[in-house]
Number of protein chains: 2
Amino acid sequence: MTDVHTTNALRLLQVADDFRAGLSGEFSAVHGISVNEFLLLLHLERSAANRLPRVDLARRMHVSASTITRMAAPMEKIGLIDREVDKRDARLVFVVATHAGRAKLSEALSTFSKRAGYLFGDRCEDEEMDQFASMLRRLMAGTGDTLA
Amino acid sequence: MTDVHTTNALRLLQVADDFRAGLSGEFSAVHGISVNEFLLLLHLERSAANRLPRVDLARRMHVSASTITRMAAPMEKIGLIDREVDKRDARLVFVVATHAGRAKLSEALSTFSKRAGYLFGDRCEDEEMDQFASMLRRLMAGTGDTLA
DNA sequence: GCAATACGCTTGCATATGCAAGCGATTCGC
DNA sequence: GCGAATCGCTTGCATATGCAAGCGTATTGC
């Protein structure tokens with residue numbers, strides 16, 4: 001715990017939790033979606049063909065396949081996403097964002113950016129932000145598919 | 001999203017989620033506790049008098065008071081924590097770690113440190129770690145009571 | 001002092017999530 | 001080719017968590 005690595009890992013978790021907690025409130029109040037629903041839409045948007053099989057979403061989001069099934073159902077019902085069955089492999093059910101889904105993502109992303117601005121804004125120099133970005137990019141090295 | 005702040009916030013969430021997911025598996029397998037139970041014990045250890053009222057734990061951990069009540073019950077049952085009612089204010093129920101609780105925390109902390117080592121270890125120079133630490137400390141500025 | 005308010009904790013209900021089993025589709029071994 | 005194993009998805013059950021209401025305690029306004 002006096003170890004720098006340990007300290008940094010603890011701080012990393014704490015800062016991320018704080019940020020996520022703040023987001024969570026504003027997202028549900030302003031956009032009517034959860035942080036995880038936002039991240040689901042974002043993963044779609046940043047994927048190769050703007051669509052992903054459910055199992056891929058699960059891996060990227062660190063949740064189980066059943067969670068994706070259950071998150072997708074209401075999002076489909078309110079028209080944020082749609083389903084596409086693969087013609088080659090009928091097991092694959094792609095999730096694809098609808099126009100409404102992309103619009104929702106766009107709104108939510110602007111809230112996200114605003115809060116990111118609050119987080120870093122007046123505390124950090126531009127140069128520091130670049131170093132921070134480079135650091136985080138390296139930490140994501142093991143993680144195959146990333147959002148940023 | 002081309003905004004550096006936004007990118008960094010996304011990466012922050014992603015790295016933290018990855019790390020937490022990895023921890024979660026090893027904690028439940030090796031130590032038989034969840035990440036949140038670990039954090040609860042850690043908050044106690046790092047608090048002023050090694051004990052905290054339930055409502056304080058809730059604030060620090062970004063969970064509701066009812067979650068603390070429900071997390072504490074089984075931890076009390078297996079002897080990791082104990083309860084102490086305040087003599088001045090009978091509403092306050094302090095949570096205090098038992099000897100077994102501190103031992104468990106110590107074991108779990110070594111697992112935590114090991115994984116923190118994996119995360120940063122071979123990817124970062126010492127100097128970078130210090131910059132990273134300073135950055136994260138500033139990002140925690142708003143957060144009153146911190147773990148690190 | 002006493003009523004009204006605020007506070008800390010707990011509990012009922014609703015939602016979210018993981019695990020394991022089940023189902024249908026595909027691929028592999030031979 | 002065909003049975004066995006694998007894979008993707010869904011569903012039943014158990015656990016975790018938040019919100020709102022309830023309960024008992026303390027503080028405040030007067």
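Letters A, B, ... are given to chains in the order of the sequence lines, protein chains preceding strands, and every chain is numbered from 1.
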Asks: The criterion is side chain to side chain contact (heavy atoms under 4.5 Å, CB included); which residues satisfy it with A:Ser34, sequence neighbours excluded?
Replies: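 Per chain and number, A:Ser34 pairs via side chain to side chain contact (heavy atoms under 4.5 Å, CB included) with A:Asn36, A:Glu37.
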Asks: When you check the phosphate oxygens OP1 and OP2 of C:dT10, does a side-chain N or O of B:Arg83 lie under 4.0 Å from one of them?
Replies: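 For C:dT10, OP1 or OP2 has a side-chain N or O of B:Arg83 closer than 4.0 Å.
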Asks: Which part of the nucleic acid does B:Ala90 contact within heavy-atom distance under 4.0 Å: base, sugar-phosphate only, or nothing?
Replies: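 The answer is sugar-phosphate, as B:Ala90 gets under 4.0 Å only of primed atoms, P, OP1 or OP2.
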Asks: Rounded to whole Å, how long is the line connecting atom CZ of A:Phe94 with atom C1' of D:dC9?
Replies: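 In whole Å, D:dC9 C1' lies 13 Å from A:Phe94 CZ.
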Asks: Taking salt bridge (charged side-chain N to carboxylate O under 4.0 Å, His left out) as the cut-off, I'd like each qualifying pair that reaches into residues 110-120 of chain B, sequence neighbours left out, listed once.
Replies: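 For residues 110-120 of chain B: B:Glu26-B:Lys114, B:Glu26-B:Arg115.
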Asks: I need the B:Arg54 CZ to B:Met71 CE distance, nearest 0.5 Å.
Replies: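 So the gap between those two atoms works out to 11.0 Å.
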Asks: Measure NE2/A:His62 against C1'/C:dA16 and give the value in whole Å, please.
Replies: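 Rounded to the whole Å, the gap is 18 Å.
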Asks: Going by the rule side chain to side chain donor-acceptor pair (under 3.5 Å), which residues pair with B:Asp89 if we only count those two or more places apart in sequence or in a different chain?
Replies: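 Once residues adjacent in sequence are excluded, the partners of B:Asp89 under the side chain to side chain donor-acceptor pair (under 3.5 Å) criterion are B:Arg91.
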Asks: For A:Ala65, give me all partners under side chain to side chain contact (heavy atoms under 4.5 Å, CB included), at least two apart in sequence or on another chain.
Replies: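 Not a single residue meets the side chain to side chain contact (heavy atoms under 4.5 Å, CB included) criterion with A:Ala65.
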Asks: What integer distance in Å separates A:Met61:CE from C:dA16:C1'?
Replies: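 Spelled out: CE on A:Met61 to C1' on C:dA16 is 12 Å.
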Asks: Using side chain to side chain donor-acceptor pair (under 3.5 Å) as the criterion, list what pairs up with A:Arg102, not counting sequence neighbours.
Replies: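 Not a single residue meets the side chain to side chain donor-acceptor pair (under 3.5 Å) criterion with A:Arg102.
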Asks: Send over the distance from A:Phe27 CZ to C:dA16 P, rounded to a whole Å.
Replies: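 Interatomic distance, CZ of A:Phe27 to P of C:dA16: 16 Å.
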Asks: Which pairs with one or both residues in residues 66-106 of chain B pass ring-ring contact (aromatic ring centres under 6.0 Å, His included), sequence neighbours excluded?
Replies: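 Sorted result for residues 66-106 of chain B: empty, none.
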Asks: Measure CG/B:Asn36 against P/D:dT15 and give the value in whole Å, please.
Replies: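 For the pair B:Asn36 CG and D:dT15 P, the rounded distance is 17 Å.
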Asks: Any donor-acceptor pair under 3.5 Å between the side chain of A:Ser66 and the base of D:dC9?
Replies: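 No, the side chain and the base share no sub-3.5 Å donor-acceptor pair.
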Asks: With heavy-atom distances below 4.5 Å as the criterion, would you say the side chains of B:Leu105 and B:Leu44 are in contact?
Replies: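 No, too far: nothing below the 4.5 Å cut-off.
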Asks: List in chain and number order the residues that pass side chain to side chain contact (heavy atoms under 4.5 Å, CB included) with B:Asp82, two or more places apart in sequence or in another chain; answer none if no residue qualifies.
Replies: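 Per chain and number, B:Asp82 pairs via side chain to side chain contact (heavy atoms under 4.5 Å, CB included) with B:Val96, B:Thr98.
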Asks: Using atom names, set out every protein N or O paired with an N or O of nucleotides 5-8 of chain C below 3.5 Å, distance rounded to 0.1 Å.
Replies:
from, atom 1, to, atom 2, distance (Å)
C:dC7, O4', B:Arg91, NH1, 3.4
C:dC7, O2, B:Arg91, NH1, 3.0
C:dG8, O3', B:Arg91, O, 3.3

Asks: Only pairs at least two apart or in different chains count here, so list each ring-ring contact (aromatic ring centres under 6.0 Å, His included) that has a residue in residues 3-25 of chain B.
Replies: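 Listed once each, the pairs are A:Phe120-B:His5, B:Phe19-B:Phe112.
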Asks: With sequence neighbours excluded, tell me which residues meet side chain to side chain contact (heavy atoms under 4.5 Å, CB included) with A:Asp17.
Replies: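 Side chain to side chain contact (heavy atoms under 4.5 Å, CB included) check on A:Asp17 returns B:Arg20, B:His62.
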Asks: Under 4.0 Å from any atom of DNA chain C, heavy atoms only: list the residues of residues 67-78 of chain B that qualify, in numerical order.
Replies: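 Those residues are B:Thr69, B:Arg70.
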Asks: If you fit an axis to the five pairs at each end of the helix from C:dG1-D:dC30 to C:dC30-D:dG1, how big is the angle between those two axes, to 10 degrees?
Replies: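 Comparing the axis at each end, I get an angle of 30°.
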Asks: How many Å lie between CG on A:Leu40 and P on C:dT17, as a whole number?
Replies: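 Going from CG in A:Leu40 over to P in C:dT17 covers 11 Å.
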